[in-house]
2 protein chains.
Amino acid sequence: MTLEDQELKKAGLKVTLPRVKILQILENCSDRHMTAEDIYQALRDSDGDVGIATVYRVLTQFEAAGLVERHNFDNGPAIYEIDRGEHHDHMVCTETGKVIEFHDAEIENLQERIAAEKGYQLVGHSLVLYVKPKSS
Amino acid sequence: MTLEDQELKKAGLKVTLPRVKILQILENCSDRHMTAEDIYQALRDSDGDVGIATVYRVLTQFEAAGLVERHNFDNGPAIYEIDRGEHHDHMVCTETGKVIEFHDAEIENLQERIAAEKGYQLVGHSLVLYVKPKSS
DNA sequence: AAGCAAATCAGAACTATTCGCATTTGTGGG
DNA sequence: CCCACAAATGCGAATAGTTCTGATTTGCTT
């Protein structure tokens, strides 16, 4: 029983081949941020016959189970990353496409305060900074 | 020559019926935030025969001309609003769908600083707070 | 090892948006 | 004021991303 198997069990999900493989791909990918299509290609390149529909279905379940997070940058496809329990926001380089994670406690606090000022309770947020290399 | 006509001329766009009507709809809509489909329906209800493709085309041109702003909330359709030149971010009520605008100079500054710290220059950002009524 | 619910596959369907092309519509020049 | 011509439009088809459907397979329970 591998580590991935245990994670799936813990999440109350049956341990199937597609699920294990997708979890491994997400854990081993270099920059931690992949689209469903990226994962589908990675599966295809390695061996198996996993349909794109399964990739989406599994990712949605993983999200519901708290194993991965889904983000929507601008208008492209959604990107997925392993949820390590450390909340962070993203910065995307408009020239290289590079994704950088960051966390700022002050911004988080201000968000709470702004919601409260308008009579609401914050339940979530999405913050993406679009940036370019300093000198260009 | 109406006000809308002048705005279009100033933006270097030919004054056509679809463009004038779409601009009016956006200016008169109650909460200032509409999807392309909303606008298409509003046109349909009033009278004319404007295709959905034209609605999208015109909105894209308006955006390029700085007349409207497009925003992508989560994974639904894009929403459009008249650009009054006052930058603001959005808060969306997860229960009522209500959209509330806000602006916070401090958050804006922090964003600049964070980008700079990582060696980048901020070129844009997207911040959406998902909220619910305080007592529920 | 058998049974059964859960998961998967392939392909169709769906939503949001854009494209191609034949037709129509504004606009500047005469 | 009218004409010509580029620009804009309408419609339907195309695309991208994602979800659904229904028949088949797979993994957990005993």
Side-chain angles (χ1 to χ4, degrees), chain A residues 1-2 4-23 25 33-44 46-65 67-80 97, chain B residues 1-2 4-25 33-44 46-65 67-80:
Chain A
M1 166 106 73
T2 71
E4 282 86 17
D5 290 11
Q6 293 175 348
E7 281 190 82
L8 289 171
K9 277 256 163 73
K10 197 164 44 172
L13 295 167
K14 217 151 102 174
V15 177
T16 64
L17 222 60
R19 301 223 254 236
V20 172
K21 288 202 221 158
I22 290 173
L23 200 48
I25 287 169
H33 299 87
M34 300 184 86
T35 66
E37 186 65 27
D38 289 340
I39 294 168
Y40 179 60
Q41 288 308 327
L43 283 164
R44 171 138 299 192
S46 70
D47 59 306
D49 276 320
V50 179
I52 187 77
T54 299
V55 174
Y56 277 106
R57 222 173 322 113
V58 166
L59 286 171
T60 303
Q61 293 160 343
F62 282 4
E63 194 192 5
L67 291 177
V68 311
E69 278 185 8
R70 182 213 302 239
H71 303 285
N72 282 93
F73 295 162
D74 224 22
N75 38 20
I79 68 120
Y80 298 84
Chain B
M1 166 107 72
T2 71
E4 283 85 17
D5 291 11
Q6 294 175 347
E7 282 190 81
L8 289 171
K9 277 258 164 71
K10 197 164 43 172
L13 295 168
K14 219 151 101 169
V15 178
T16 64
L17 223 60
R19 301 222 254 236
V20 172
K21 287 201 221 159
I22 290 172
L23 201 47
Q24 286 174 342
I25 287 169
H33 299 87
M34 300 183 85
T35 65
E37 186 65 28
D38 289 339
I39 294 168
Y40 179 61
Q41 288 308 327
L43 284 164
R44 169 137 301 191
S46 70
D47 58 305
D49 277 320
V50 179
I52 187 76
T54 299
V55 174
Y56 276 107
R57 242 181 330 218
V58 166
L59 287 170
T60 302
Q61 293 158 343
F62 282 4
E63 194 192 6
L67 291 176
V68 311
E69 276 185 10
R70 182 214 302 238
H71 302 286
N72 282 93
F73 294 163
D74 224 21
N75 41 18
I79 69 118
Y80 299 83

Between [N] atom [atom2] and [X] atom [atom1], what is the distance in whole Å?
X: A/I79; N: D/dG17; atom1: CD1; atom2: C1'; result: 15 Å
X: A/D74; N: D/dA16; atom1: CG; atom2: C1'; result: 15 Å
X: B/Y56; N: D/dG12; atom1: OH; atom2: P; result: 17 Å
X: A/E37; N: D/dG17; atom1: CD; atom2: P; result: 8 Å
X: B/I52; N: D/dC11; atom1: CD1; atom2: P; result: 12 Å
X: B/Q61; N: D/dT9; atom1: CD; atom2: C1'; result: 11 Å
X: A/Y40; N: D/dT19; atom1: OH; atom2: P; result: 16 Å
X: A/R19; N: D/dG27; atom1: CZ; atom2: P; result: 11 Å

For this session: Nearest-nucleotide wise, let me know which of A/K14 and A/Y80 is further upstream toward the 5' end of DNA chain D.
Result: A/Y80

Exercise. Say you draw a straight line from CD of A/E4 to CD1 of A/I22; how long is it, rounded to the nearest 0.5 Å?
Worked result: 12.5 Å

Exercise. To the nearest 0.5 Å, how far apart are CG in A/L67 and CG in A/L13?
Worked result: 7.0 Å

For this session: Could you go through the side chain to side chain contact (heavy atoms under 4.5 Å, CB included) check for A/E37 and A/Q41 one step at a time?
Result: CA-CA 6 Å; A/E37 186 65 27; A/Q41 288 308 327; 3.1 Å; yes

Problem set entry | Residue pair A/Y80 / A/V68: nearest heavy atoms and the distance that separates them | CD2-CG2, 4.3 Å

For this session: Identify the heavy atoms of B/F62 and B/L23 that sit nearest to each other, and give their distance.
Result: CE2-CD1, 3.9 Å

Exercise. For B/K21 and B/L43, what are the C-alpha separation, side-chain angles and deciding distance, and is it a side chain to side chain contact (heavy atoms under 4.5 Å, CB included)?
Worked result: CA-CA 8 Å; B/K21 287 201 221 159; B/L43 284 164; 3.7 Å; yes

Exercise. Using a heavy-atom cut-off of 4.0 Å to chain B, what are the terminal contacting nucleotides of DNA chain C, in 5' to 3' order?
Worked result: C/dA16 to C/dT27

Exercise. Would you say A/R19's side chain and A/K14's backbone share a donor-acceptor pair under 3.5 angstrom?
Worked result: yes

Problem set entry | Residues B/L17, B/V20; criterion side chain to side chain contact (heavy atoms under 4.5 Å, CB included); working and verdict | CA-CA 5 Å; B/L17 223 60; B/V20 172; 5.6 Å; no

Exercise. Are B/T16 and D/dT9 close enough that a side-chain N or O sits under 4.0 Å from OP1 or OP2?
Worked result: yes

Exercise. Does D/dG10 have OP1 or OP2 sitting under 4.0 Å from an N or O in the side chain of B/T54?
Worked result: yes

Exercise. What bend angle does the helix from C/dA1-D/dT30 to C/dG30-D/dC1 show across its length, from five-pair end axes and to the nearest 10 degrees?
Worked result: 30°

Exercise. Between D/dG17, D/dT9, D/dT19, which one does the side chain of A/T60 approach most closely?
Worked result: D/dT19

Problem set entry | Nearest-nucleotide pick for B/A53, side chain only, options being D/dG27, D/dC11, D/dA8 | D/dC11

Problem set entry | Residue closer to the 5' end of DNA chain C, A/P18 versus B/N75 (nearest nucleotide) | A/P18

Exercise. Base, sugar-phosphate alone, or nothing: which one does A/A78 contact when heavy atoms must sit under 4.0 Å apart?
Worked result: sugar-phosphate

For this session: Any chance you could lay out the side chain to side chain contact (heavy atoms under 4.5 Å, CB included) test for B/T16 and B/V58, step after step, and finish with the verdict?
Result: CA-CA 10 Å; B/T16 64; B/V58 166; 6.0 Å; no

For this session: Classify the side-chain pair B/R57/B/T60 by whether it contains a donor and acceptor separated by less than 3.5 Å.
Result: no

